[in-house]
Every structure is written in C-alpha cells, then in structure tokens.
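Notes follow once the structure below has been shown.
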Amino acid sequence: MRMSRHFGHTLREFPTEADTPSHALLLRGGFVDQLMAGVYSFLPLGNRVRLKIERIVREEMDRAGGQEVRLPALQPIELWEQSGRKAGMGDVLFQLRDRKERGLALGPTHEEVVTRLFKDHAQSYRDMPVTLYQIQTKFRDEARPRGGLVRVREFTMKDAYSFDLDDDGLDESYRAMFQAYRRIFARCGVPTLPVEADSGAIGGKGSQEFIFLTEHGEDTIVFCDACDYAANTEKAEFVRPPAVEGDPLAIEEVETPGITAIGDLTTFLGVEARQTAKAVFFMATPGQGAPFPIFAVVRGDLEANEVKLAAALGGAEMRAMTDAEVEAHGLVAGYASPIGAPEGVRVVADLSIPRSPNLVAGANREGWHLRNVNYERDWSAATVADIATAQAGHECARCGGALGLGRGIEMGHVFRLQQVYTAAMDVTVQGADGEAVRPTMGCYGLGVERVMSAAVESHHDEAGIAWPASIAPYDVIMVGIGLDRDEEARQDADALYEELQAAGLEVLFDDRDERPGVKFNDADLIGVPVRLTVSSRNHKAGVVEVKVRKGNAEAETVARAEVIAHVQAHRERLLSALNVDDVERLARNRPAERTDA
RNA sequence: CGGGGCGUAGCUCAGCCUGGCAGAGCGCUGCGUUUGGGACGCAGAGGCCCGCGGUUCAAAUCCGCGCGCCCCGACCA
C-alpha cells in the first residue's frame, strides 16, 4: 500500500479520552475510531491487525482439530429461556423484536446455538468427539464499557465448543484447546498466564483463564512466589493464617457501645482481628427460584468473597443486602450473631471459622458482643466452604510459599461445561450399545481485540507501537526521502516496492510529500517491524538502510541487491522469538506489574 | 445503578466566574521557499459553542431538564 493512498491519519497529540497506552496508541496511530461507548470502527491498519490475529487463531484451532462454523448473531429469545440463562444474563443480553413482535437477542455467546446445532446434526457416538469453532461478533450490553478495546459492547470473539461422550474425552479436548491457546498467545506475542478461575454464570466445573498481566487490568490474580500456582482471586485457594489456639472458654456478653467495625472491636477489646468473627449479609438468587438471605461468616482478619460464596451455593447470583433487607430479616447490623440467626436466613461459614476457638461475635443486640464463641459447641452453619479472599502474604495451599497479588485482563477462558447445556436442551446421541448418551461439553473463548490491545500494551515505547512481527499490519515499511527530486532513485524505490511484494512481503510505502521527520515519526508510531529508508543519497551509494523497530537498534546499511534477503532474515528471526517458552517466560517474569493492591 | 469529571473547528484546548463580533496551536487546502527525525512565509477553508426549555434588550457564558463521553465503584462469559 502506498501511504499517499492509505485511508486514515495519525494524530500528533494523544486523544484525551484514552487513559491506557494501548488505547491511546491505537487511536493516535489511526487503527481504530470510537463510534460510541464500547463500540469501535477498525480503520485499514487496525483491521489488518485484527485479521492477522484471526488467521493465527484459525491456524491453531484447525491444528487442534477444530472445525470452523458460522453461527447466527441474531437468535430467538426462546433459546435463552430454554437454557435458563435469559435471567442470568440479565441486562447484558441485547434484546429486540422483529416486525412480528417476536423476541430476539443479539448473541453475547453461543453455547445455546451451538448445542442446538449439535442436537440437530449429531446422532450417534460415531459423530464424536467434535470441536466446532467460530470467529464472530458478540454483543453484550456491558454496564460500563472501559479501557479502550478491553471491555466493549460489540467485539470479535473466537468461541469453540467440544462435544465428547464422557469426561475423559472432555479432558482430552480441553487439553488440546489449552495447548492451542498457549500457542496462539505466544504467536501473537502476548505474554499470558493460565490461572485457575471461577466458571461463573456460564456454568460447569473447572476452568482456566489466560491472563495478560497489566496494572490496567480489571481482574485480580493471586500468584505463589515459590511454585507456579496462579489463580483468579475469585477462585484462589490459600492457607488461613493460624488461629489463636486455646481450650473453649465460657461464653460471656460484653458491652461494646457504638463498636461495629472489626478494627474498632479489636482495639476496644484488645484482641486480634483473627480472634473475631465477621458477619456479611447477601441476597442470593438461584437460577430458578426466589431470592434468599445469606448470613456469611468469615474470621475478622479475612474478607468475604462474593464469587466464592456464589459458587458454594451452586451458582446463585449474589448481591449485598440493603439496609432495609437487613432489618426485615431480623439482623442487627454491626452486632449480628450466628448464634440464633433468624429463621430462614442461611448461614454460610468460611473454612477459617470451625478451626478458630473463642471468637468474638455479635450478640444480636445493639451495643453488645459475645466473647468465646465456639463453632459446633455454640452454633453451626448450613454450609462451611472456602468463601474468603486470598490476600498478599497468605500462604500457598499447594506449597506453602507466599502469595502475591497482581492485576490482569482476561484474554481467553477455557471451561469444562460438562452437561449443563446438553441437559438443559435435552441432547442425547446413541451410544455403541444402543443406549442414549448425554454428551459432555467444553467451551473455549478468546477475545480478538483484547489480544490486539494487550499486544500494544506489551510492545510499545515512547515513540509508538512496536508490533510483534506476526500481527503487524505490514511486514515492512519503506520510507522514501527526496524521491521527488531524483527520478532515478524514485524508479528504483518503485522497483523495490514491487520486488518486496513479489517476495511475499506486505509492504507499506511512504511515498507522501512530507518532511522526513514526519515520515520517521509516523513509521515509529504505526510500529511496522522493519523499516527501510530509500533516498537519493542511498540510491547513489547503491544501498538501502534497514532498521528494526523493536529495540530501536541503529539502522544498518545494506547493499541494494541484498535488501530482500535481509528483510526476510529479520522477519524470520522476529517470528521465531514468538514461541511458547520465550513468551511465557516473559509472562512469569514481570515483578514490576505485581502490585500488592 | 451510585460517586466524580467533561461536552466550543478533524485533534488538543482557551473563552464561561463577571452575558455584548466565536478564538489559539496542531491538522487540512492553495502558492512559494525548504527537505535525513513532527520546517518557514503568504493566502484560505472549516462551528447548530451537545440538545431542548427558561431568564434577559442580548446567552458559548446564567438557570432548569435531558442526552452523550471519560474515570472510580457496583457489575462483568
């Protein structure tokens, strides 16, 4: 492409709406344009990057045995009612009506559609296992779009779905996808870490997220500094700090006027936070059925984790109780006690509670607490589970190392769905023995634009983007200088432009009538991996200057006849650096971005 | 949905407090000079000052109601 004909301009100043480097650079370089909150147009440069990422995703999906399909974005609402997710998705689901007033939805994901497709076309065990995938636009009416391309309302997602006869088969399909994901992120130059994750509203058991670590991330990740355990904080296991041991003592009431927070309580009574029990109230809404009140109890040195709590209750939707609800359920804010919790309120205790004797807890009476409350002797919970959040400094459950926290963005997520959807939509195939078998599913999502964003986030400098060679909009950029004053040099530049393309390279030729500084700066900003400088001066010397964008090494002077081989050698070297080992090492070795938030 | 910030030229912003001709820099167009890291001169084009209503002789400016965008939180397969 000749830049004089290229659509889209760079901006000299940073647009103010962007607050992350990736968003700012993509806007400034003319890759994307915002149409409204969470909705972007892709200009030619951005679109080329998107297509490159999609190509890598396709290659790896195909290599892993996936078959590409195309599923509709426009879907009948009944499908969502059938799976029971219409309510669970809530306002995130874009809904509309056709001219006949039929309810429709724009697909936020495609489990329902693909399960239906499978049901219509797979009849026996001979049709399995099978993994279907697609690269499609998804629509989600996010409560708050943010972070440029990170959380948007319309985006490109690769989603894959595996169908197996049993869980061993599912494990195999899952592993194949897991490996494909590692290869995809490595090839795209995006350092990601697989972490244990909650499976959330999508359902199923066992899932991992591929996390790109960045301070701008919206997820909190827990890492072990000794072993390779890493998990989303929504899921992370940890060893509770030890309790203050002692034989159970007699309960006593103690007056604590105006003392409702743990911090005040410990000061007032002269005890440690881990010698107290903290009560937090939630309303839980199960997939089917009415909301019910939850009385969650964690030790005072820990924080209750809503997502873990929801998981412990079988995937109910959780929200904090309003003050009115607290009162209506007979709970005394600040002084609630698990002993004699009101009728109908479900008590859920964290693992830390049963093993910690003589805790201070509320007395269910304004202005009073109880000392020496002991689990089992004095009260018990309907459920005891891991419902507390791991914090920096906690002990790793696997190896005893110290846990640290970091921020990250989810690039992809792989789930073992099992039979959640095949059961909801009553899918069976005929087994070898003639009996009906309920297939077990996996699903595997990946955000294309998020990968693009993360690639910029991890490959840029003060001058602009330095794209990984695999997904750069062009392989090489030719900067022409003074060509309009030297006809011979111009003809040679045109010839080189043709030769590079004939050699299979994607070339951007800056033939604009601009000053050299403008062209060099634009080349740095756009971030094409290899830059050639062709000028009157170089032409007379029979050379071309070659500069690699990444690392900003000095330009080399290369004989005109050897330029193409030289460019290809650089390209191959850059591509070979994008392997799983090297890129994952980068992901693991970024202490600067592990914040103890 | 709660809290905060902001809407003026393609971009970055001033003007608003204290009402009186709609501005600057960059970018864009033309001409000339220039030409190896964001040149210079001259001449231009470009605006529903987010929208609606109100106050006023007069509103970008004051008041009210909306809408939009960004950030924090809630939420987030």
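Protein chains get the first letters and strands the later ones, always in sequence-line order, with residue 1 at the start of each.
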Lys/Arg N to Asp/Glu carboxylate O, A:Asp461 vs A:Arg549, below 4.0 Å: yes
Flag if over 12 foreign heavy atoms under 6.0 Å of CD, A:Glu487: yes
Sugar-phosphate only, base, or nothing, as touched by A:Glu306 at under 4.0 Å among non-hydrogen atoms: sugar-phosphate
Between B:rC6 and B:rU61 - P atom distance, rounded Å: 16 Å
With sequence neighbours excluded, residues passing salt bridge (Lys or Arg N to Asp or Glu O under 4.0 Å) with A:Arg560: A:Asp492, A:Glu499
Full working for side chain to side chain contact (heavy atoms under 4.5 Å, CB included) between A:Leu313 and A:Phe282: CA-CA 12 Å; A:Leu313 295 169; A:Phe282 296 98; over 6 Å; no
Pairwise side-chain contact, A:Phe520 with A:Ile481, heavy-atom cut-off 4.5 Å (strictly under): yes
Sugar-phosphate, base or nothing in reach of A:Phe155, heavy atoms under 4.0 Å: base
Partner set under salt bridge (Lys or Arg N to Asp or Glu O under 4.0 Å) for A:Asp386, not counting sequence neighbours: A:Arg240, A:Lys308
Annotated protein contacts, base or backbone, on nucleotides 36-51 of chain B with a non-hydrogen cut-off under 4.0 Å, one of B, S, - each: BBBB------------
For atom NE2 of A:His23 and atom P of B:rC11, their distance in whole Å: 13 Å
C1' spacing across the pair B:rG27 / B:rC13, given as an integer number of angstrom: 14 Å
Inter-nucleotide P distance (B:rG73, B:rU29), Å rounded: 43 Å
Residues in contact with RNA chain B, drawn from residues 31-40 of chain A - heavy-atom cutoff 4.0 Å: A:Gln34, A:Met36, A:Ala37
Whole-angstrom distance between B:rC1 and B:rU8, as gauged at atom P: 24 Å
Rounded distance in Å - CZ (A:Phe282) to P (B:rA74): 12 Å
Whole-Å distance separating the CZ atom of A:Arg146 from the P atom of B:rC72: 6 Å
Contact nearer the 5' end of RNA chain B, comparing A:Asp513 with A:Pro15: A:Pro15
Sugar-phosphate only, base, or nothing, as touched by A:Gly147 at under 4.0 Å among non-hydrogen atoms: sugar-phosphate
Contacts of A:His566 that satisfy side chain to side chain donor-acceptor pair (under 3.5 Å) - sequence neighbours left out: A:Glu556
Protein-nucleotide distance (A:Arg85, atom CZ; B:rC76, atom C1'), rounded to Å: 14 Å
Rounded distance (Å) that lies between atom C1' of B:rU12 and atom CG of A:Leu27: 14 Å
Mate of B:rA74 where both pairing distances stay under 3.5 Å, Watson-Crick or G-U: none
Complementary nucleotide for B:rG23 - Watson-Crick or wobble, under 3.5 Å: B:rC13
Gap between atoms CE and P, on A:Met89 and B:rC75 respectively (whole Å): 17 Å
Nearest-Å distance for atom pair CD1/C1', residues A:Ile211 and B:rC76: 13 Å
Presence of salt bridge, A:Arg319 and A:Glu325, under 4.0 angstrom: yes
Nearest-angstrom distance from the residue atom CD of A:Glu17 to P of B:rG10: 15 Å
Touch class at under 4.0 angstrom, heavy-atom based, for A:Arg485 against every strand present: base
Nearest-angstrom distance, P atom, B:rG20 to B:rA58: 14 Å
Base versus backbone protein contacts along nucleotides 2-8 of chain B [heavy-atom cut-off under 4.0 Å; B, S, -]: -------
B:rG46 versus B:rC26 - spacing of their C1' atoms, nearest Å: 14 Å
Salt-bridge present (A:Arg490, A:Asp484; N to O < 4.0 Å): no
Side chain to side chain contact (heavy atoms under 4.5 Å, CB included) between A:Arg407 and A:His216, worked out: CA-CA 7 Å; A:Arg407 300 281 285 178; A:His216 307 294; over 6 Å; no
Test: A:Arg50 and A:Glu54 ion pair at under 4.0 Å: yes
Watson-Crick or G-U wobble mate for B:rG64, both contacts under 3.5 Å: B:rC52
Watson-Crick or G-U wobble partner of B:rG41, both distances under 3.5 Å: B:rC31
B:rC67 and B:rA9, which share atom name P, separated by this distance in whole Å: 22 Å
Pairwise P distance, B:rC50 and B:rA22 [rounded to whole Å]: 15 Å
SB check A:Lys138 A:Glu449 (cutoff 4.0 Å): no
Check ion pair A:Lys278-A:Glu303 (N to O, under 4.0 angstrom): yes
Pair A:Arg416 + A:Asp171: basic N to acidic O under 4.0 Å: yes
Pairwise 5' ranking along RNA chain B for A:Gly445 and A:Glu514, keeping only the more 5' one: A:Glu514
